[in-house]
Every structure is written in C-alpha cells, then in structure tokens.
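Since the structure is predicted, the reported quantities are computational estimates derived from the model, not experimental observations. Residue numbering restarts at 1 for every chain, and letters A, B, ... go by the order of the sequence lines.
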Amino acid sequence: MKFNAPRGTNDILPPDTLKWQYIEKKTHEIFSNYNYQEIRTPIFEYTELFQRGIGEVTDIVEKEMYTFEDKGGRSITLRPEGTASVIRSFLENKIYGQAQPTKYYYIGPMFRYERPQSGRFRQFHQLGVEAIASNDPALDAEIISLGMRLLQDFGLNDLELHLNSVGCGECRPTYVDKLKKYLNENKEQLCDNCKSRIDRNPLRVLDCKNDSCQSVIKDAPKITDNLCESCADHFNDVQEYLDILNLDYIINPLLVRGLDYYTNTAFEIKDNALGAQDTVFGGGRYNGLAEEIGSRDLPGIGFALGIERLLLSLEAKDIELPVESGVDLYITVIGEQAKKESFKLLDQLRNKGFITEIDYLGRSVGSQMKSADRMNAEYTIIIGENELNNNSATIRNMKSGDEKEIQLSNLLEEMKQLVDKEDI
RNA sequence: GUGGAUGUAGCUCAGUUGGCUAGAGCGCGGGAUUGUGGCUCCCGAGGCCGUGGGUUCAAGCCCCAUCAUCCACCCCA
C-alpha cells in the first residue's frame with residue numbers, strides 16, 4: 001500500500017454515496033420550502049477573513065486552520081466554517097441593496113486541522129443556513145425549526161435542543177467581568193486549564209467537565225440573569241416563538257460557543273448517543289460579524305449541521321435512509337454473437353430509462369445470474385443461441401423464477417408493462 | 001499538541017510458554033447442472049503478519065523506533 005488518504009479525510013464510497021445524495025436532495029427540498037436559496041462560496045479565502053471574522057483568540061484561528069501561502073505570496077486558508085464567507089460574499093456583492101432579509105443556505109466541505117476522533121475529521125461536511133439583515137426573534141425560531149424539521153425528515157425526533165443567550169456588546173462585557181470576579185474568588189477549586197482560561201476566555205470555563213470546576217460553575221452568575229433589557233426581550237421572544245411551534249428546548253446558561261461572533265441566541269442540538277462529539281448542529285445569532293469584516297452593521301443568524309455527525313446519529317439509532325440501489329434489468333448472454341446483439345439491446349433499454357446491466361467479464365451463465373441476483377435485478381433477459389435463432393429473448397422474473405420467451409420486437413413494450421417505472 | 005488502545009487475506013477475526021509450507025468464517029472466482037441466481041456440496045485464487053531496526057539457532061508472537069487507524073482530552077460540526 002503506497003498511499004493513504006491524508007489523516008482525518010475520508011473516501012465516501014458507494015453505497016454510502018447514495019445516503020449523501022439523499023441528504024443533499026432533502027436539504028435542497030426543505031430549505032427551498034422555507035425559501036432559503038443556495039449560495040456557493042470559494043473553498044478557500046484570504047486568511048484574514050477568518051482571523052477577523054471568527055476571532056483571533058479562538059481555537060479555530062489559533063491552531064486549527066489549514067493556512068498556506070499561494071504563489072503570489074498571499075496567505076490563503078481552507079474554510080473552517082461557512083458563515084464568514086457568506087457574509088463576505090453578501091457584502092462584496094452588495095446584496096444589502098436588494099430587498100431584505102436575505103436567506104441563504106450552503107452545503108460543502110470544511111477543513112480544520114485537529115486530531116481526528118469519533119465525529120471529528122480534518123475534512124468534514126456541513127450544511128448550513130444564514131438569514132441576514134433582520135434581528136427578528138421569529139427568524140431565530142425559524143432557523144431552529146428548520147434544522148429540527150430536517151432532522152425529523154431523516155427520522156430523528158428525539159434530539160435535545162439546548163438554548164441560551166450570550167448577550168450583546170452591551171451586556172456581555174459586564175457579565176464577563178462579573179464572572180471573572182467570581183471565578184477568581186474560587187480560583188483554588190478550578191483545574192489548571194480553567195485557571196488560565198479566567199483571563200483568556202472565561203466563558204469557556206462554563207462547559208469544563210472537571211468535577212471540581214462543575215461545583216464552582218453551579219453557583220456562578222448566569223448570563224441569562226445578566227442580560228440587558230433588549231437582549232432579555234429578544235431571548236424571551238425567541239422562546240415564545242419556539243413555544244408557538246411546539247418545539248421543546250432546554251435553557252442551558254452554560255452553553256457557550258467557540259466562535260467570537262456570536263451574540264444573543266446560541267443553540268446546539270445534541271444526540272447523547274453520539275459520544276464526545278455529540279453536537280449534530282449548532283449555531284446562533286452573529287450581529288457583530290458584518291461590522292467586523294466589513295463596514296456595515298448587519299444582524300444575522302444561522303446554523304451549521306455536520307453531515308458526518310448526522311450519519312452517525314442515524315447509525316446509532318439504526319435508521320436506514322430510504323435509498324434504492326440495484327438494477328431493473330440484467331442481460332445474461334451466452335456466446336460472442338449474443339453479446340453483440342445484446343449490446344445494442346442494452347443501449348435501447350437504457351435509452352428507455354431502464355437501469356440495465358450486462359456482463360463484462362465473460363463469465364458463465366451461472367455467474368451472470370448470480371451477478372443479477374446480487375444487483376437486485378428485477379428481471380434477467382437471457383439471450384443465447386436459441387433466442388438468436390428465434391429473434392427472441394427469455395425474460396426471467398428474479399423474484400418468482402417465472403420465465404417466458406418473447407419476440408425481440410415486443411421486448412421494449414413488454415418490459416414497460418413489467419417493470420414499474422413512473423418515468424418510462 | 002497530550003494520553004490510551006489497536007495494526008495478520010477484500011471484510012470480521014483466531015494464531016498456545018517464540019518452534020516446520022500462517023488459519024477460520026464471510027466475500028470473490030470456477031464447478032456439481034456442457035443455458036439459469038437464492039439453499040447445499042466440492043475446488044480455487046488471494047498474506048513482505050503496517051514499516052524499519054534489534055534480541056535469538058529460530059520472531060506474527062519479545063524489545064526499540066516509526067507510520068497509520070480508533071478512542072479520549074483540548075475544542076467543535
């Protein structure tokens with residue numbers, strides 16, 4: 001074995017690709033239904049976009065980016081997430097000049113340099129939405145319900161929705177100061193990691209799993225008790241809209257998100273059957289992002305869903321996506337002459353829309369039948385010397401084993417009758 | 001970046017205290033049926049035992065290194 005796929009990357013092979021196609025198809029359907037439109041941005045961007053957008057002190061920017069210099073000496077980074085690119089595109093293309101809000105969705109690969117583990121890869125795939133230029137809490141609820149609707153359509157009904165508000169530029173700094181003060185007072189009980197986080201990123205202390213830290217966190221001031229009036233109102237309204245939609249949620253004041261641009265609403269959908277990486281999708285509002293990477297103050301909200309994690313979640317629950325594989329017809333040939341006749345027939349059948357296959361390995365009749373069986377062929381069309389002489393073909397129903405010989409001139413018509421295909 | 005586990009056939013895995021040509025099941029190919037799949041039976045192909053060193057008369061097994069995979073931490077999708 002000479003080559004491996006690079007660490008943390010995966011080949012997606014048949015029949016798994018069918019699942020991916022199904023997910024993509026459903027995504028297009030459902031997102032369209034909510035009137036979100038697809039946007040496709042580059043896989044790489046100038047590094048600075050992510051540094052500014054995601055935040056210099058985040059883990060992503062500090063240690064997880066695939067950054068390189070191109071031949072022109074520019075610093076380029078493979079996108080680690082989708083939102084910064086979408087907002088950049090929105091601003092660059094002056095979409096703000098059109099009727100608002102703008103509702104986009106995207107689907108594609110993202111890249112982060114991390115040690116792979118269950119549910120985490122260096123190249124992974126997200127589908128996500130962004131609703132830009134409105135601060136309406138109804139949109140927060142719409143985004144969340146859209147994600148839940150997608151999961152529901154895949155058969156996932158029992159995932160936990162965690163909801164929080166992380167405040168805004170007004171109230172968060174005040175809260176962070178308060179939290180810092182509290183943490184410093186209880187510093188002795190915190191793990192080393194958290195001690196150093198008090199100054200660097202105090203919100204992160206909140207989701208430390210260390211037991212001793214947990215006991216400190218339990219009585220720490222909660223962001224939800226320290227929101228300014230407008231943030232508190234927004235948070236209440238989001239909950240009200242979620243209630244209207246009958247969506248269950250868990251208020252989780254400890255939920256913080258690792259990207260700097262989040263404001264107000266933050267949410268994660270977790271599947272506790274998943275292990276350490278249990279967030280299937282997560283997102284929130286990012287009212288400060290556009291100003292950070294552009295010059296306009298534009299609100300926005302979105303989520304990103306990890307396709308690999310969605311697949312893991314389905315697997316954990318033994319849910320099979322309704323994907324179909326196999327062929328309608330398999331042509332079994334006996335002899336060189338029959339192969340040549342059949343090759344024309346193969347083409348005609350395919351032109352009529354039948355998924356049709358033939359042997360390319362010169363194998364025995366038995367083996368050809370076996371192949372037909374393995375491909376789940378509905379019918380096998382057998383053509384040998386007898387049939388050649390009669391200008392006919394023998395068709396065999398692979399389920400019942402029934403066979404009959406029919407004239408080649410009637411074959412196309414006959415197969416239309418027998419094979420249930422709506423588009424034929 | 002840190003820690004733990006694991007690398008033997010296409011896949012899942014056996015392989016004893018180191019001891020002759022390295023095994024099974026499944027899958028794959030052929031045959032039993034000179035033109036018929038699923039069940040059964042027979043035969044067959046396919047292994048630098050992850051890689052490189054070392055110890056030994058002798059290494060799949062012991063030691064070291066290295067690479068890869070998995071899991072966890074950090075953090076996130």
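- A:E114 comes within 4.0 angstrom of a nucleotide base, judged by non-hydrogen atoms across all strands.
- Pairing partner, B:G25: B:C11, with both Watson-Crick or wobble hydrogen-bond distances short of 3.5 Å.
- Contact of the A:N264 side chain with the A:F235 side chain is not registered, since no non-hydrogen atoms from C-beta on lie closer than 4.5 Å.
- Considering only the side chain of A:R374, B:G29 comes nearest among B:G35, B:A72, B:G29.
- One can place CG of A:L274 at 11 Å from C1' of B:A77, the figure rounded to the nearest angstrom.
- Pair assignment for B:U56: none, as no Watson-Crick or G-U wobble contacts are both less than 3.5 Å.
- Taking atom P on both B:C49 and B:G44, the two are 23 Å apart, rounded to the nearest angstrom.
- Proximity of A:S118 to the phosphate of B:C71: a side-chain N or O atom is located under 4.0 Å from OP1 or OP2.
- The partner of B:G35, taking Watson-Crick or G-U wobble pairs whose two distances both stay under 3.5 Å, does not exist in any strand shown.
- Looking at which nucleotide of RNA chain B each of A:G362 and A:T279 is closest to, the 5′-most match is held by A:G362.
- Residue A:G384 is classed as a base contact, given a heavy-atom separation below 4.0 Å to a base.
- Distance, A:R7 CZ to B:C71 P: 12 Å, rounded to whole Å.
- You'll find a donor-acceptor pair under 3.5 Å spanning the side chain of A:E387 and the base of B:G35, going by distance alone.
- The side chain of A:R309 approaches B:A77 more closely than any other nucleotide in the set B:A77, B:C70, B:C74.
- One can place CG of A:D373 at 15 Å from P of B:U36, the figure rounded to the nearest angstrom.
- When the C1' atom is used for both B:U16 and B:C11, the distance is 26 Å, rounded to whole Å.
- Applying the 4.0 Å criterion to OP1 and OP2 of B:A72, one finds that A:Q117 has a side-chain N or O inside that range.
- For the pair A:R115 CZ and B:A68 C1', the interatomic distance rounds to 11 Å; values are reported in whole Å.
- Nucleotide B:G1: paired with B:C73 (Watson-Crick or G-U wobble, both distances less than 3.5 Å).
- Checking B:G37, B:G29, B:A77 against the side-chain heavy atoms of A:S367 singles out B:G29 as nearest.
- Using a 4.5 Å heavy-atom cutoff, the side chains of A:S89 and A:I39 are in contact.
- Nucleic acid contact for A:E308: none, since no nucleic acid atom lies under 4.0 Å from a heavy atom of the residue.
- Distance CD (A:E405) to P (B:G35): 16 Å, rounded to an integer number of Å.
- With both ends at atom P, the span from B:U55 to B:C61 equals 15 Å, rounded to whole Å.
- Considering only the side chain of A:I382, B:G35 comes nearest among B:G1, B:G35, B:G31.
- The pairing partner recorded for B:A45 is none, the criterion being a Watson-Crick or G-U wobble arrangement whose two distances lie under 3.5 angstrom.
- A gap of 14 Å separates the P atoms of B:C48 and B:G60, to the nearest Å.
- Both the sub-6.0 Å distance and the 45° axial angle are not jointly satisfied by A:R112 relative to the ring of A:F124.
- Relative orientation of the A:F303 and A:F267 rings is perpendicular, given thresholds of 30° and 60° on the angle between their planes.
- For the pair A:S371 and B:G37, the criterion of a side-chain N or O lying under 4.0 Å from OP1 or OP2 is not met.
- Residue order along RNA chain B, read from the 5' end via each residue's closest nucleotide, puts A:L361 first among A:Q368 and A:L361.
- Comparing the C1' positions of B:C71 and B:G52 gives an interatomic distance of 27 Å, to the nearest angstrom.
- For B:G30 and B:A77, the C1' atoms lie 49 Å apart once the distance is rounded to whole Å.
- Between A:E385 atom CD and B:U34 atom P the separation is 15 Å, expressed in whole Å.
- Distances were taken from every side-chain heavy atom of A:P116 (C-beta onward) to each of B:A77, B:G35, B:C70; the shortest belongs to B:C70.
- Residues A:H125 and A:I12 form a side-chain contact, since some pair of their non-hydrogen atoms from C-beta on lies under 4.5 Å apart.
- Residue A:K399 is classed as a base contact, given a heavy-atom separation below 4.0 Å to a base.
- Residue contacts for A:F303: at a heavy-atom cut-off of 4.0 Å it reaches no nucleic acid atom on any strand shown.
- Using a 4.0 Å heavy-atom distance criterion, A:A372 is classed as making no nucleic acid contact.
- Here A:F281 does not count as stacked on B:A77, because the ring centres are not under 5.5 angstrom apart with planes under 30°.
- In this model, a side-chain donor or acceptor of A:E403 finds a partner on the base of B:U36 within 3.5 Å.
- Rounded to a whole Å, the CZ atom of A:R363 is 15 Å from the C1' atom of B:G31.
- If you take atom C1' in B:G54 and the same atom in B:A22, they sit 23 Å apart, rounded to whole Å.
- Considering only side-chain N and O atoms, A:R112 lies nowhere under 4.0 angstrom from the phosphate OP1 or OP2 of B:C74.
- For the residue pair A:E45 and A:S85, a side-chain donor N or O sits within less than 3.5 Å of a side-chain acceptor on the partner.
- Pair assignment for B:U17 gives none, since no Watson-Crick or G-U wobble pairing has each distance under 3.5 Å.
- Rounded to the nearest Å, the gap between the C1' atom of B:G19 and that of B:C62 is 15 Å.
- Atom OH of A:Y379 and atom OG1 of A:T394 lie 14.0 Å apart (nearest 0.5 Å).
- Whole-Å rounding puts the A:N386 CG to B:U36 P distance at 12 Å.
- For A:K63, counting side-chain heavy atoms from C-beta on, the closest listed nucleotide (B:G30, B:C74, B:A77) is B:C74.
- Judged by distance alone, the side chains of A:Q117 and A:Q277 do bring a donor and an acceptor atom under 3.5 Å apart.
- At a threshold of 4.0 angstrom between heavy atoms, the contacts of A:G128 with the nucleic acid are absent.
- The neighbour count for A:Q152 CD, taken as heavy atoms of other residues, nucleotides or ligands under 6.0 Å away, is above 12.
- Across the strands present, B:A68 finds its partner in B:U6; the criterion is a Watson-Crick or G-U wobble pair with both atom distances under 3.5 angstrom.
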